[in-house]
Amino acid sequence: MKDSEFHALAEQQFLAIEEGIEASGVDIDCERQGNVLTLTFENKSKIIINTQEPLHQIWVATRANGFHFAYEEGVWIDNREGNELMTLLSAACSSQSGEDVELLS
């Protein structure tokens, strides 16, 4: 994958995350600075999502663990357990907010 393709795919994914959080109706603050998207919850916990350009990955740090996602066959997949990014983020946001959050892929 070329860097330009990675940037376009990552940008598309970040926008989908931001739109999904907004549509969820749950009080989660999204703040973006460059290649870092920070989700802040009412209880002050955070989820940090950022791109790792040299590896062409998206990294996610939750209260529970850290995850590395690579783009495979049209979706971002965790390289340890095979979870899809939006599925994992839905579960992490639900856990950290205490409310049901479902982000669509």
Side-chain angles (χ1 to χ4, degrees):
M1 172 183 316
K2 294 181 181 181
D3 287 349
S4 60
E5 182 182 3
F6 167 72
H7 287 295
L9 291 168
E11 176 65 22
Q12 181 181 31
Q13 188 62 56
F14 274 39
L15 290 173
I17 293 167
E18 291 170 316
E19 290 169 1
I21 294 295
E22 175 98 11
S24 76
V26 178
D27 188 13
I28 303 171
D29 182 44
C30 290
E31 182 180 340
R32 188 158 172 197
Q33 292 185 344
N35 70 335
V36 179
L37 178 62
T38 303
L39 309 180
T40 305
F41 300 84
E42 284 189 42
N43 61 12
K44 306 296 184 216
S45 69
K46 296 180 186 289
I47 293 176
I48 310 295
I49 306 160
N50 67 299
T51 60
Q52 293 294 317
E53 183 178 348
L55 302 173
H56 290 165
Q57 292 183 337
I58 293 176
W59 288 9
V60 176
T62 70
R63 184 169 52 187
N65 209 339
F67 305 90
H68 301 168
F69 294 85
Y71 196 74
E72 298 177 12
E73 299 180 23
V75 292
W76 292 94
I77 301 293
D78 173 38
N79 63 5
R80 274 192 239 144
E81 298 179 20
N83 295 311
E84 191 273 329
L85 175 59
M86 294 298 262
T87 301
L88 182 129
L89 277 177
S90 295
C93 287
S94 295
S95 174
Q96 288 185 224
S97 71
E99 298 183 51
D100 188 34
V101 178
E102 186 176 342
L103 304 175
L104 301 176
S105 299

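Quick caveat: nothing in here was measured; it's all calculated off a predicted structure.
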Using a 3.5 Å cut-off and no angle test, enumerate the donor-acceptor pairs between side-chain atoms of residues 67-77 and protein atoms at least two apart in sequence or in another chain.
none

Are [X] and [Y] packed together at the side-chain level, in the sense that at least one heavy-atom pair is separated by less than 4.5 angstrom?
X: Glu84; Y: Asp78; value: no
X: Ile28; Y: Val101; value: yes
X: Ile17; Y: Glu19; value: no
X: Ile47; Y: Cys93; value: yes

What residues form a side chain to side chain contact (heavy atoms under 4.5 Å, CB included) with Ala16, not counting sequence neighbours?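 Listed in chain order: Gln13, Met86.
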
With Glu31, which residues qualify under side chain to side chain contact (heavy atoms under 4.5 Å, CB included), at least two apart?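 Glu31 satisfies side chain to side chain contact (heavy atoms under 4.5 Å, CB included) with Gln33 once adjacent residues are dropped.
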
Do any pairs count as a ring pair (Phe, Tyr, Trp, His ring centres under 6.0 Å) and have a residue in residues 6-33, sequence neighbours left out, and if so which ones?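 Of all non-adjacent pairs touching residues 6-33, those that pass ring pair (Phe, Tyr, Trp, His ring centres under 6.0 Å) are Phe6-His56.
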
Working note: Ile49 + Ile58, criterion side-chain contact (heavy atoms from CB on, under 4.5 Å); need CA distance, chi angles, decisive distance, verdict. CA-CA 7 Å; Ile49 306 160; Ile58 293 176; 3.7 Å; yes

Going by the rule salt bridge (charged side-chain N to carboxylate O under 4.0 Å, His left out), which residues pair with Glu22 if we only count those two or more places apart in sequence or in a different chain?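 For Glu22 there are no salt bridge (charged side-chain N to carboxylate O under 4.0 Å, His left out) partners, ignoring immediate neighbours.
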
Quick one: salt bridge (charged side-chain N to carboxylate O under 4.0 Å, His left out) partners of Arg32, sequence neighbours excluded?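 Arg32 satisfies salt bridge (charged side-chain N to carboxylate O under 4.0 Å, His left out) with Glu11, Glu18 once adjacent residues are dropped.
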
Mind checking what makes side-chain hydrogen bond (donor to acceptor under 3.5 Å, both in side chains) contact with Thr51, not counting sequence neighbours?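 For Thr51, the residues satisfying side-chain hydrogen bond (donor to acceptor under 3.5 Å, both in side chains) (neighbours in sequence not counted) are Asn35.
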
Taking atom CD of Glu102 and atom OG1 of Thr87, what is their separation to the nearest 0.5 Å?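 Output value for this atom pair is 8.5 Å.
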
With ILVMFWY side chains joined below 4.5 Å, transitively, what does Leu55's cluster contain besides itself?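 Hydrophobic cluster check, Leu55: joined to Trp59.
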
Short side-chain to backbone donor-acceptor contact, Ser24 and Ile21, under 3.5 Å: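 At least one qualifying donor-acceptor pair exists.
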
Of the non-hydrogen atoms in Leu103 and Ser90, which two are nearest, and what is the gap between them?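 Minimum heavy-atom contact is N-OG, 2.7 Å.
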
Show me the side-chain donor-acceptor pairs of residues 36-45 shorter than 3.5 Å, one per line, residues at least two apart or across chains.
from, atom 1, to, atom 2, distance (Å)
Thr40, OG1, Lys46, NZ, 3.3
Asn43, OD1, Ser45, N, 2.9
Asn43, OD1, Ser45, OG, 2.7
Asn43, ND2, Gln96, O, 2.9
Ser45, OG, Gln96, NE2, 3.0

